Trainee: 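Quick one: the structure is below, and I'll ask about it shortly.
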Amino acid sequence: MSLGVFISVGAWAKPTVMIVATGGTIAGAGASATNSATYTAAKVPVDTLINAVPQIQDLANVKGVQALQIASESITDKELLSIARQVNELVKRSDVNGVVITHGTDTLEETAFFLSLVVHTDKPIVLVGSMRPPSALSADGPLNLYGAVALAASPESKGKGVMMFMNDSILAARDTSKRINIHTNAFSSQWGALGTVVEGKTYWFRQGVKRQTTQSEFNIENIKGDSLPLVQITYGSDSMLPVAYDAYAKAGVKAIINAGTGNGSVPNYLVNTLKNLRQQGLIIVRASRVPDGFVLRNAEQPDDQYDWVVAHDLNPQKARILTALALTKTSDTKEIQRMFWQY
Ligand code: DGL
């Protein structure tokens, strides 16, 4: 990792913000300015991203690290762990005040949630992406990057945990997801934004109450190797095939997140399949394909009797992250359920 340190005269009072670039649309390139949705992600290097928004140097001493150059749908445990390890090393440095991670929007929410669970710091970590490539008319990336640096540089961001910054909104890592796949207001949380950044100034209106960063029982420094326990997601619909679940079990999956219909419902013809898999030792987590609300324990299914876990308000993809981390510590369903209540 090569770092260029820019400390200009009179900049001593400014905080230092690291930009860790991983790819995505914010680094994308389209054939023409009207290609706002047709482009190639992960093309533009981090120094170009930084130089394209010189105003960020007014906010902080900014330096860039090219951690990856990948479209985020292709991020696996290997890349996720690599990003977390690099960010963890950066926030431990006394000369770094905050970190911005430029990232594809497809799986930005998983990376943000994972970092909130495994990086122990009170320094701001801000994930940012864009819905349009920099080559497009009214590209959203430059102002998103400016706002993300302002957020990471703000003393008020200390202790606020891992955040996302998109479309002027300060968003919580744990409950924000990508809900629109083609518009700049793609990201939101059913519990609302934490605040906003306007013209480089942060405005706060609420704070998260769930465990994260320094209060987390998980730590990237205790995770070895480049993979996490294997957890997969199944998506509820009509006429589902039990054989798909058995195939996952045969493939060595340790837990299944079932994104059920409604309040995490399981069709009557699938209940025995999931009960059998639980008896074989797999963890069964009832999540929901419905974006808002939360899965109520013992409502649609007798979770106590079946020894199943409920995902609470976490969407299936975040439930997969938390379950994989939980399995690095325990396979006790009561302990795993506690984690879903607390994180
Ligand atoms: N391929 C998608 C990704 O890298 C592009 C979406 C985006 O970054 O906005 O997540």
Side-chain angles (χ1 to χ4, degrees), residues 1-6 16-76 78-80 82-84 86-87 90 96 98-112 115 125-153 163-169 178 180-187 197 200:
M1 167 169 60
S2 65
L3 299 176
V5 181
F6 306 97
T16 294
V17 169
M18 299 289 303
I19 294 183
V20 177
T22 71
T25 297
I26 195 167
S32 82
T34 53
N35 285 129
S36 59
T38 307
Y39 54 82
T40 306
K43 302 299 282 182
V44 176
V46 62
D47 287 346
T48 307
L49 293 178
I50 292 172
N51 296 335
V53 191
Q55 298 85 352
I56 57 179
Q57 300 295 351
D58 300 332
L59 302 167
N61 298 309
V62 177
K63 44 193 169 180
V65 173
Q66 191 77 48
L68 294 169
Q69 187 66 290
I70 190 172
S72 73
E73 67 271 20
S74 301
I75 287 177
T76 69
K78 183 169 180 281
E79 290 78 22
L80 191 60
S82 170
I83 293 169
Q86 291 189 62
V87 169
L90 291 173
V96 172
V99 173
V100 167
I101 300 159
T102 56
H103 194 290
T105 59
D106 285 10
T107 64
L108 191 149
E109 61 201 86
E110 285 103 316
T111 301
L115 294 176
I125 297 173
V126 181
L127 285 92
V128 65
S130 73
M131 294 303 291
R132 298 173 183 153
S135 51
L137 288 174
S138 304
D140 54 329
L143 190 57
N144 282 355
L145 184 61
Y146 181 80
V149 172
L151 183 57
M163 297 169 276
M164 301 177 194
F165 185 76
M166 290 292 289
N167 196 40
D168 298 334
S169 296
K178 183 175 182 180
I180 305 171
N181 60 11
I182 51 171
H183 294 156
T184 53
N185 61 331
F187 283 77
V197 175

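Values in this document were obtained by computation on a predicted structure and should not be read as measured data. Positions are given from 1, in the same order as the sequence printed here.
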Trainee: Verify whether one side chain among Thr48 and Asn51 offers a donor that lies under 3.5 Å from an acceptor in the other.
Mentor: no
Trainee: To the nearest 0.5 Å, tell me how far Thr184 OG1 sits from Asn167 CG.
Mentor: 4.5 Å
Trainee: Atom CD1 of Ile75 and atom OG of Ser82: how far apart are they, to the nearest 0.5 Å?
Mentor: 10.0 Å
Trainee: State, to 0.1 Å, how close Val62 and Ile19 come at their nearest heavy-atom pair, and which atoms those are.
Mentor: CG1-CD1, 3.5 Å
Trainee: Working to the nearest 0.5 angstrom, can you tell me the gap between Gln57 CD and Lys63 NZ?
Mentor: 11.5 Å
Trainee: Can you check whether Ser130's main-chain N or O pairs, donor with acceptor, with Asp140's side chain at less than 3.5 Å?
Mentor: no
Trainee: Any heavy-atom pair between the side chains of Tyr146 and Leu59 that's under 4.5 Å?
Mentor: yes
Trainee: Using side chain to side chain donor-acceptor pair (under 3.5 Å) as the criterion, list what pairs up with Thr76, not counting sequence neighbours.
Mentor: Glu79
Trainee: Answer yes or no: is there a side-chain heavy-atom contact under 4.5 Å between Met163 and Leu151?
Mentor: yes
Trainee: Distance from Glu109 atom CD to Leu127 atom CG, nearest 0.5 Å?
Mentor: 11.0 Å
Trainee: Nearest 0.5 Å, please: how far is OG1 in Thr22 from CD in Gln66?
Mentor: 8.5 Å
Trainee: Do you know the tightest heavy-atom contact between Val128 and Phe165?
Mentor: CG2-O, 3.2 Å
Trainee: Closest approach of Ala136 and Ser36, non-hydrogen atoms and distance?
Mentor: CB-CA, 3.9 Å
Trainee: Which heavy-atom pair separates Gln69 from Ala27 by the least distance, and what is that distance?
Mentor: OE1-CB, 4.0 Å
Trainee: Without placing hydrogens or testing angles, list every side-chain donor-acceptor pair under 3.5 Å for residues 101-108, not counting sequence neighbours.
Mentor:
{"residue": "His103", "atom": "NE2", "partner": "Thr111", "partner atom": "OG1", "Å": "2.8"}
{"residue": "Thr105", "atom": "OG1", "partner": "Lys178", "partner atom": "NZ", "Å": "2.8"}
{"residue": "Asp106", "atom": "OD1", "partner": "Lys178", "partner atom": "NZ", "Å": "2.8"}
{"residue": "Thr107", "atom": "OG1", "partner": "Ser72", "partner atom": "O", "Å": "2.8"}
{"residue": "Thr107", "atom": "OG1", "partner": "Ser72", "partner atom": "OG", "Å": "3.3"}

Trainee: Taking all non-hydrogen atoms of both residues into account, name the closest pair between Ala148 and Val126 and its distance.
Mentor: CB-CG1, 3.8 Å
Trainee: Looking only at non-hydrogen atoms, find the nearest pair between Met131 and Ile182 and report the distance.
Mentor: CE-N, 3.9 Å
Trainee: To the nearest 0.5 Å, how far apart are CD1 in Ile50 and CD1 in Ile56?
Mentor: 5.5 Å
